Every structure is written in C-alpha cells, then in structure tokens.
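Notes follow once the structure below has been shown.
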Amino acid sequence: MAGQIPQAIANRFADLGPYLSGDKALDYPNLAAIPTVAWEASVFGGALRGLPMPQPIPGDIVPYYRQDIFDANGWTPPGNARDFHDFCVDVTSPRNRVWASENMKWLASKMFGVLPDQPSYWRQENGGLVHKLETEEYVEALEWARTLYTAEVIHPDAVAVAGDPATRFTAGESLMWFTGDGSW
C-alpha cells in the first residue's frame, strides 16, 4: 500500500494481537491454518491490524478480451504464456488492421511472478536483499514480452504509446487489452 494508508491503518485500527495471541488463538482454530506469510500483510506499525487473505491477491492486472470476436471465431482465451504467444501470432493480421493485443508488460509481470512495485520490490535471498529487476522471474517476463514485440502482435500505436487503447479495443483492432487499473 502506498501513500499515507499504512500510517492511517496503524493509527486508526485496533491491535488484534492481544485477542489472537497465545491461548486466545485456541478460540479460532481455523486461523492456525493460515500461512505465516499471509499474516504479514495485516501488520501495520508493528501490530496485527487486520485479518489476512490467505489466497493470492489477484491485483488489478485483468486483461480484457473481445468475447464477441472470440466467440464468432471459436477461440478460447489462452491459459498460459506459451499459448498466449502462439494465439497472438495466429490471430494478428496487420493487413486487416487486427492485432492480438495491446501492451501486456504488466500481465507478463503477473504471469511470471515478478515482485510488485514499491514498497515490496525487494526480497530476502541467501542472507541479502534482491531487487525485482535482479530476479529470474523479471528476466523471464521481459523475455516473454520481447517475443510479443518481435512477433509484431502488439498494436503499433501501443508500441508507440500513441492514441487511445480503449478506442482500438472497441473497434476490434486490438483483441486483448488491460486498463492497468481494472476500471474499464
């Protein structure tokens, strides 16, 4: 969380530690099954200020696809990075002004498990800190994104960072797109 949110939580939310520590936790046996790492996201100002979400947080990286066009062609959305790449190569047709996708760099990060942005872009590894740009996951995501650009399946205006991606998506020029904030 960015900005003043962590400080606001630390100042306004109660410390749940006294209610859930030691023998008091026996009143809540299901909480013991939640992994320790899930609890860490609920600690603010050195105290437990909320209950964890034990499942992975999907974040705001949600690619959209033109279901009407997919249905009309009998396509299904790709389920992994290799299928995504192959699908993009198969459906892109610059002659018909159709590209498989807009920029998918954030999807690449999510697919390959790249660490998020600040403040969590470091991890401990072998007794030291490793920045997300130094991880194998980052290199894999970057290489996968590069293959999309090399295959020219990204809309050229997305490559040039020009125009409106929503307009291209709505017009069917780009078949897959994400807003980056999940708001579209």
Side-chain angles (χ1 to χ4, degrees), residues 1-6 8 35 37-38 41-42 50 52-123 130-184:
M1 291 187 197
Q4 296 179 356
I5 295 173
V37 69
S42 299
M53 294 180 57
Q55 73 276 4
I57 299 170
D60 56 6
I61 305 304
V62 180
Y64 295 96
Y65 68 98
R66 287 292 307 266
Q67 185 172 357
D68 58 332
I69 296 173
F70 274 60
D71 289 349
N73 288 284
W75 300 332
T76 57
N80 60 50
R82 182 87 212 124
D83 290 347
F84 188 97
H85 175 274
D86 293 346
F87 174 80
C88 288
V89 169
D90 289 343
V91 302
T92 296
S93 176
R95 182 177 188 181
N96 294 319
R97 297 206 41 80
V98 174
W99 285 267
S101 167
E102 290 286 316
N103 182 345
M104 290 290 171
K105 72 176 184 176
W106 298 114
L107 177 64
S109 292
K110 200 67 158 173
M111 259 198 233
F112 289 92
V114 175
L115 293 169
D117 286 331
Q118 62 179 336
S120 303
Y121 45 62
W122 297 89
R123 73 173 172 218
V130 176
H131 191 275
K132 78 180 204 173
L133 300 181
E134 301 171 302
T135 65
E136 289 180 31
E137 298 89 348
Y138 181 82
V139 173
E140 288 175 347
L142 191 62
E143 173 60 22
W144 179 77
R146 185 198 61 77
T147 66
L148 296 177
Y149 283 95
T150 301
E152 297 180 347
V153 299
I154 307 294
H155 194 288
D157 288 347
V159 174
V161 192
D164 179 21
T167 301
R168 294 189 294 268
F169 181 73
T170 303
E173 290 184 18
S174 295
L175 301 177
M176 294 179 285
W177 171 58
F178 76 97
T179 65
D181 64 5
S183 65
W184 192 74

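In this chain, residues are counted from 1 in sequence order. Given the structure is predicted, the values throughout are model-derived calculations rather than measurements.
Among residues two or more places apart in sequence or in another chain, the salt bridge (charged side-chain N to carboxylate O under 4.0 Å, His left out) test is passed with Glu143 by Arg146. Evaluation of the side chain to side chain contact (heavy atoms under 4.5 Å, CB included) rule for Ala151 yields His85, Val89, Val153 as partners, not counting sequence neighbours. Remark: Asn103 engages Tyr149 in a side-chain hydrogen bond (donor to acceptor under 3.5 Å, both in side chains) (not counting sequence neighbours). Scanning for salt bridge (charged side-chain N to carboxylate O under 4.0 Å, His left out) contacts around Asp83 gives an empty result, with sequence neighbours left out. For Ser101, there are no side-chain hydrogen bond (donor to acceptor under 3.5 Å, both in side chains) partners at least two apart in sequence or on another chain. In this view, Asp164 and Thr167 satisfy the side-chain hydrogen bond (donor to acceptor under 3.5 Å, both in side chains) rule, not counting sequence neighbours. The side chain to side chain contact (heavy atoms under 4.5 Å, CB included) search around Pro77 returns Tyr65, Phe70, not counting sequence neighbours. Looking at residues two or more places apart in sequence or on another chain, you find no salt bridge (charged side-chain N to carboxylate O under 4.0 Å, His left out) involving Glu152. Residues forming a salt bridge (charged side-chain N to carboxylate O under 4.0 Å, His left out) with Arg123 (at least two apart in sequence, or on another chain): Glu125, Glu137. With sequence neighbours excluded, the residues satisfying side chain to side chain contact (heavy atoms under 4.5 Å, CB included) with Ala158 are Glu102, Ile154, His155, Arg168.
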For this session: Begin with the C-alpha distance, continue with both residues' side-chain angles, and end with the deciding distance and a verdict on side chain to side chain contact (heavy atoms under 4.5 Å, CB included) for Phe84 and Leu148.
Result: CA-CA 9 Å; Phe84 188 97; Leu148 296 177; 4.0 Å; yes
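Counting heavy atoms from C-beta on, the side chains of Thr92 and Pro94 come closer than 4.5 Å. Between Phe112 and Val139 the shortest side-chain heavy-atom distance does not fall below 4.5 Å. Counting heavy atoms from C-beta on, the side chains of Cys88 and Met176 come closer than 4.5 Å. A heavy-atom distance below 4.5 Å is not found between the side chains of Arg82 and Trp144.
Pairing each heavy atom of Gly172 with each of Val98, the nearest pair is O-CG2, 3.9 Å. Shown here for Ser174 and Phe169, the closest heavy-atom pair between the two residues is O-CD1, 3.3 Å.
Among residue pairs with one or both ends in residues 68-79, those qualifying as side chain to side chain donor-acceptor pair (under 3.5 Å) are Arg66-Asp68; sequence neighbours excluded.
Of the inter-residue distances, the one linking Glu173 atom CD with Asn96 atom CG reads 11.5 Å to the nearest 0.5 angstrom.
Aromatic ring orientation, Trp122 versus His131: perpendicular (interplanar angle above 60°, classes split at 30° and 60°).
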